[in-house]
Amino acid sequence: MRLSRYFLPLLKETPKEAEIVSHRLMLRAGMIRQQAAGIYSWLPLGLRVLDKIEAIVREEQNRAGAVEILMPTVQPADLWVESGRYNDYGKEMLRITDRLDRAMLFGPTAEEVVTDIFRSYVRSYKNLPLNLYNIQWKFRDERRPRFGVMRGREFLMKDAYSFDVDQDRAREAYYRMFVAYLRTYSRLGLTAIPMRADSGPIGGDMSHEFIILASTGESQVFCEKGVLDLPIPPADTDFQGDLKPIIDEWTSFYAATEEKHDEAAFAAIPEADRVSARGIEVGHIFYFGTKYSEPMGARVAGPDGVERPVHMGSYGVGVSRLAGALIEASHDDAGIIWPDAVAPFAVGLVNMKPGDAAVDAACEDLYARLEAAGVEVLYDDTDARAGAKFAMMDLIGLPWQLIVGPRGLAQGEVELKRRATGERETMSIEAALNRLVG
RNA sequence: CGGGGCAUAGCGCAGUCUGGUAGCGCACCUGCUUUGGGAGCAGGGGGUCGCAGGUUCGAAUCCUGCUGCCCCGACCA
């Protein structure tokens, strides 16, 4: 993408409403535009990041055997009356009436809809296990939206729902999502720690929150050092096999949010192994049994021919929140530092002297060859000054900056800068290409 | 939902106390100079001062009501 033809509205000064660093940087880097409290438009750079996060979440859901569907944002209220949640949910639910005065709502979650889909088609244990997920916008009319996309009212969530014949099978489904989540956050470049959680109003007894460590996180978390170094299950993990040893290993360490913190248990850990840090919740998994299947009549026949309510679990990832959380976890005074996996572009190609025939030619050549090799490049072909270009590249945080100027080019050389470390290296054009394509 | 704060040009702000023809910086447009870490000079465009009432000869400024947004606390992907 040529910067001169892109839409990247950067802000030099921070809008006063933005208090935390991810919100400030997302606004300054032209990623989002606030439309109302907790409601945002995603601008090109932000959308690219959102799409990358979504793609990784999707790949790992698929790998774990979940099947993607897409449920509506607007749901009929009837289903919620059936489940018994219509009155319980309160003002957080955005209630809407259509032209015929039918009660509708903007979905804050989709247990009711997915249970309705399930009960309409599945009758036998032979069709289980089943895990249906979707990545869809949700709306929760929070009392207090804040922190930009970290707690918006409208947010993009991956929500998966598992269906099993009994609790033991449901536990296996839960384990599959547990492992999928470990892989997902790791691929995003984050250290996420599963912490035992309250199952809350949704009910059930198996529940973990996935918390990433970030110095600017919302809540205080406590864990045992060893959990940070546990190996992430590999891509070829057998999701049909026994995952219990992996879960046992991860849950053998102490890990708790402030609410669940047990000072005595924590004190029993050797002092050198205690970690007390800030954290951001980026995922939550639950097993809730027959909480919805029972009232909504989602039953399957077992091998004995007897129909029983299906056992369910739900598994959420805050996709849009992750965009903010990634920045909270990775930035410096100059701006964002994107992990390679979610960077909106891999390389920022900086033309130091547009109009100079040799520099233009070298940049065009590099741009074409990188694009041909499938490397995503943001080519700064504008005639802004050097300082402004560098500042912009640092702000938007692309992993690599490839700097081409007349000075180096005279020696046949370009400069490659790694955003995360600030290291700059001068090398030949071919060497730079090899580095970026390899 | 309780407590606090803010609303004046795209962004950041001054002006409000003490009423008198709306200003600064950045950004934007034109020209010249500059050109490896957010350039300089000169010229220019852009605002029903959040909305609605009221007081007054006159309201960004005073009064009343409303709306929007932010921050702190209890809840959440």
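Only heavy atoms go into these numbers, but all of them, side chains included; no hydrogens, no water, no symmetry mates. Residue numbers begin at 1 in each chain, while the letters A, B, ... track the order of the sequences.
Of the candidate nucleotides B:rG25, B:rA77, B:rG36, B:rG25 has the atom lying nearest to any side-chain atom of A:E13. Among the nucleotides B:rA77, B:rG36, B:rC70, the one closest to any side-chain atom of A:H284 is B:rA77. With distances taken from any side-chain atom of A:F286 to the nucleotides B:rC71, B:rC11, B:rA77, the minimum falls on B:rA77. Nearest nucleotide to the A:A37 side chain, out of B:rC69, B:rG25, B:rC76: B:rC69. Side-chain proximity of A:P15 to the nucleotides B:rA74, B:rC11, B:rC69 is greatest for B:rC11.
Base contact: A:E415 has a heavy atom under 4.0 Å from a base atom. Among the protein residues, A:A18 comes within range of no part of the nucleic acid, since none of its heavy atoms lies under 4.0 Å from any strand. Contacts of A:V319 with the nucleic acid, taken as non-hydrogen atoms under 4.0 Å apart, are absent. At the heavy-atom level, A:M352 lies under 4.0 Å from base atoms of the strands shown. Residue A:G422 is out of contact with every strand shown, counting any heavy-atom pair closer than 4.0 Å. As judged by a 4.0 angstrom heavy-atom cut-off over every strand, A:D383 is placed among residues making no nucleic acid contact. Heavy atoms of A:G316 sit nowhere under 4.0 angstrom from any nucleic acid atom.
Below 30°, between 30° and 60°, or above 60°: for A:F266 and A:Y254 the angle between ring planes is between 30° and 60°, a tilted geometry. A tilted orientation is assigned to the rings of A:H208 and A:Y174, their planes being inclined by 30° to 60°.
Between the side chain of A:R143 and the base of B:rC75, at least one donor-acceptor pair of N or O atoms lies under 3.5 Å. Below the 3.5 angstrom threshold, one finds no donor paired with an acceptor across the side chain of A:R140 and the base of B:rC75.
Atom name P, nucleotides B:rG50 and B:rC17: the rounded distance is 15 Å, in whole Å. Remark: the separation of the P atoms in B:rA60 and B:rA74 is 43 Å, to the nearest Å. Comparing B:rU34 with B:rA42, their C1' atoms are spaced 15 Å from each other, to the whole Å. Taking atom C1' in both B:rG4 and B:rA22, one finds a spacing of 30 Å when rounded to whole Å.
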* To do: Take A:R2 and A:E364 through the salt bridge (charged side-chain N to carboxylate O under 4.0 Å, His left out) test and state the conclusion after the steps.
  => CA-CA 10 Å; A:R2 286 169 201 274; A:E364 290 294 336; 2.8 Å; yes
What pairs of nitrogen or oxygen atoms, one from the protein and one from nucleotides 38-45 of chain B, lie under 3.5 Å apart?
{"residue": "B:rG38", "atom": "O2'", "partner": "A:K12", "partner atom": "NZ", "Å": "3.2"}
{"residue": "B:rG38", "atom": "O6", "partner": "A:R28", "partner atom": "NH2", "Å": "2.6"}
{"residue": "B:rA39", "atom": "OP2", "partner": "A:R385", "partner atom": "NE", "Å": "3.2"}
{"residue": "B:rA39", "atom": "O4'", "partner": "A:R385", "partner atom": "NE", "Å": "3.4"}
{"residue": "B:rA39", "atom": "N9", "partner": "A:R385", "partner atom": "NH1", "Å": "3.2"}
{"residue": "B:rA39", "atom": "N7", "partner": "A:R385", "partner atom": "NH1", "Å": "3.3"}

Could you pull out the protein-nucleic contacts involving nucleotides 4-8 of chain B (nitrogen or oxygen on both sides, under 3.5 Å)?
none

N/O-N/O pairs, protein side and nucleotides 30-33 of chain B side, under 3.5 Å:
none

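The ring-ring contact (aromatic ring centres under 6.0 Å, His included) check on A:Y175 picks up nothing, with sequence neighbours excluded. Residues satisfying the side-chain contact (heavy atoms from CB on, under 4.5 Å) criterion with A:T14, sequence neighbours excluded, are A:A18, A:R24, A:R28.
Residue-environment remark: NZ (A:K138) exceeds the threshold of 12 foreign heavy atoms within 6.0 Å.
Distances shorter than 4.0 Å separate none of the side-chain N or O atoms of A:R144 from OP1 or OP2 on B:rC1.
Ring pair A:Y292/A:Y161: centre-to-centre distance not below 6.0 Å.
For residues 333-350 of chain A, the set of pairs meeting the side chain to side chain donor-acceptor pair (under 3.5 Å) definition, not counting sequence neighbours, comprises A:D340-A:R418.
Each of A:D159, A:N62, A:V114 was compared with A:Y133 under the side chain to side chain contact (heavy atoms under 4.5 Å, CB included) criterion, and only A:N62 meets it.
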